Amino acid sequence: MTDMSAIPLVFRDAVAALTSPSPRGEIELDELRPPKRLAPWTYALGAETCGPGGTEATARLVLLHDPSGQPEWEGVLRLVVYLRADLPRDLAHDGATSELGWSWLTGALRSCHAPYTALGGTVTLSSSTGFGRLATPEPEHELELRASWTPPDEELSAHARAFHELVSSAAGLPPVGVRMPGHRPPS
């Protein structure tokens, strides 16, 4: 058992804020084992969902805290996201898909009013075809987004909501309250 007084208050408050908003019903959210070598204090959440047409999206959101700060972070807290999402074939070969993936993140941060600095990341598109025992009838396509940014303080509830929105967008879920024809809400 960890002595709670040994955990920096800013980190405790950041974790509490990050876990305060509940995701929409279609998203399964779990606490994950965080990476240990990136910062003295770390916390991680995992999310997964399946959108219309079976589009799967999985993601991790990692909170890093270094009380001494790191110059490239421009602060003492850093958020890191890793997202993987299935892509339909038509998007897999569209030159604008990388920008679309990046806009899922920047749009979510903006719409949730999550302030940040030092945002950077990559979007990778890949296609794979299985052969032999791993044969697939069609090539599989996916998008990977890796990004990190620095929040100005430990109030991270808007960042958590942006993470939920990012996962929803990647899975193709409609906005909350909008029903897709033939799509049943979770029970």
Side-chain angles (χ1 to χ4, degrees), residues 2-21 23 27 29-49 56-87 91 94-126 141-171:
T2 304
D3 177 13
M4 290 301 286
S5 65
I7 300 172
L9 181 59
V10 67
F11 182 71
R12 280 188 281 161
D13 289 348
V15 169
L18 196 62
T19 57
S20 64
I27 297 175
L29 196 63
D30 292 304
E31 186 175 329
L32 301 175
R33 177 180 297 169
K36 296 293 184 193
R37 297 185 178 157
L38 299 177
W41 300 95
T42 59
Y43 179 81
L45 289 172
E48 60 182 61
T49 191
E56 292 182 20
T58 60
R60 289 188 307 262
L61 181 64
V62 179
L63 168 63
L64 307 174
H65 174 56
D66 186 339
S68 301
Q70 295 188 18
E72 59 274 3
W73 292 6
E74 299 178 14
V76 297
L77 296 171
R78 188 81 173 158
L79 289 166
V80 179
V81 71
Y82 169 78
L83 171 110
R84 190 208 58 77
D86 294 338
L87 281 180
L91 282 180
D94 185 329
T97 301
S98 292
E99 288 81 10
L100 173 65
W102 188 250
S103 75
W104 293 336
L105 174 61
T106 58
L109 289 168
R110 191 173 38 259
S111 72
C112 293
H113 307 286
Y116 62 87
T117 59
L119 174 65
T122 62
V123 175
T124 304
L125 306 176
S126 64
H141 310 285
E142 67 180 30
L143 176 144
E144 279 187 5
L145 180 140
R146 296 172 187 262
S148 62
W149 63 94
T150 300
D153 55 39
E154 65 274 15
E155 178 41 59
L156 300 182
S157 57
H159 296 269
R161 289 190 305 274
F163 176 63
H164 303 160
E165 188 175 309
L166 167 66
V167 174
S168 298
S169 295

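Heavy-atom basis, side chains included; hydrogens, waters and symmetry copies ignored. For reference, positions follow the sequence shown, starting with 1. These numbers come from a predicted model, not from an experiment.
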Residues in side chain to side chain donor-acceptor pair (under 3.5 Å) contact with [X], at least two apart in sequence or another chain:
X: Ser148; value: Arg78
X: His159; value: Trp149
X: Thr42; value: none

Are [X] and [Y] side-chain neighbours, meaning at least one heavy-atom pair lies under 4.5 Å?
X: Leu145; Y: Val81; result: yes
X: Thr117; Y: Glu74; result: yes
X: Trp102; Y: Thr122; result: no
X: Thr150; Y: Val76; result: no
X: Val62; Y: Leu79; result: no
X: Leu143; Y: Val123; result: yes
X: Pro115; Y: Pro151; result: no

Quiz: residues 163-171 side-chain donor-acceptor pairs under 3.5 angstrom, not counting sequence neighbours:
residue: Glu165; atom: OE1; partner: Ser111; partner atom: OG; Å: 2.9
residue: Glu165; atom: OE2; partner: Ser111; partner atom: OG; Å: 2.7
residue: Ser168; atom: OG; partner: His164; partner atom: O; Å: 3.0
residue: Ser169; atom: OG; partner: Glu165; partner atom: O; Å: 3.1

### Message
Please enumerate all residues that pass salt bridge (charged side-chain N to carboxylate O under 4.0 Å, His left out) together with Glu144, with sequence neighbours excluded.
### Response
Arg146

### Task
Evaluate side chain to side chain contact (heavy atoms under 4.5 Å, CB included) for Leu64 paired with Trp73, printing each intermediate quantity in order.
CA-CA 10 Å; Leu64 307 174; Trp73 292 6; 3.6 Å; yes

Partners of [X] by side-chain contact (heavy atoms from CB on, under 4.5 Å), sequence neighbours excluded?
X: Ser20; value: Ser157
X: Asp86; value: Thr55, Glu56, Arg84
X: Glu99; value: Ala96
X: Asp13; value: Leu9, Glu154

To the nearest 0.5 Å, what is the distance between [atom1] ([X]) and [atom2] ([Y])?
X: Leu61; Y: Leu18; atom1: CG; atom2: CG; result: 5.5 Å
X: Tyr116; Y: Leu105; atom1: OH; atom2: CG; result: 7.5 Å
X: Leu156; Y: Leu77; atom1: CG; atom2: CG; result: 6.5 Å
X: Leu125; Y: Leu100; atom1: CG; atom2: CG; result: 9.5 Å

### Message
Would Leu63 and Val15 count as a side chain to side chain contact (heavy atoms under 4.5 Å, CB included) here? Give the steps.
### Response
CA-CA 8 Å; Leu63 168 63; Val15 169; 3.8 Å; yes

### Query
According to the interplanar angle, ranging from 0 to 90°, do the rings of Phe11 and Trp41 count as parallel (below 30°), tilted (30 to 60°) or perpendicular (above 60°)?
tilted

### Task
May I have all residue pairs that pass salt bridge (charged side-chain N to carboxylate O under 4.0 Å, His left out) and include part of residues 29-41, sequence neighbours excluded?
none

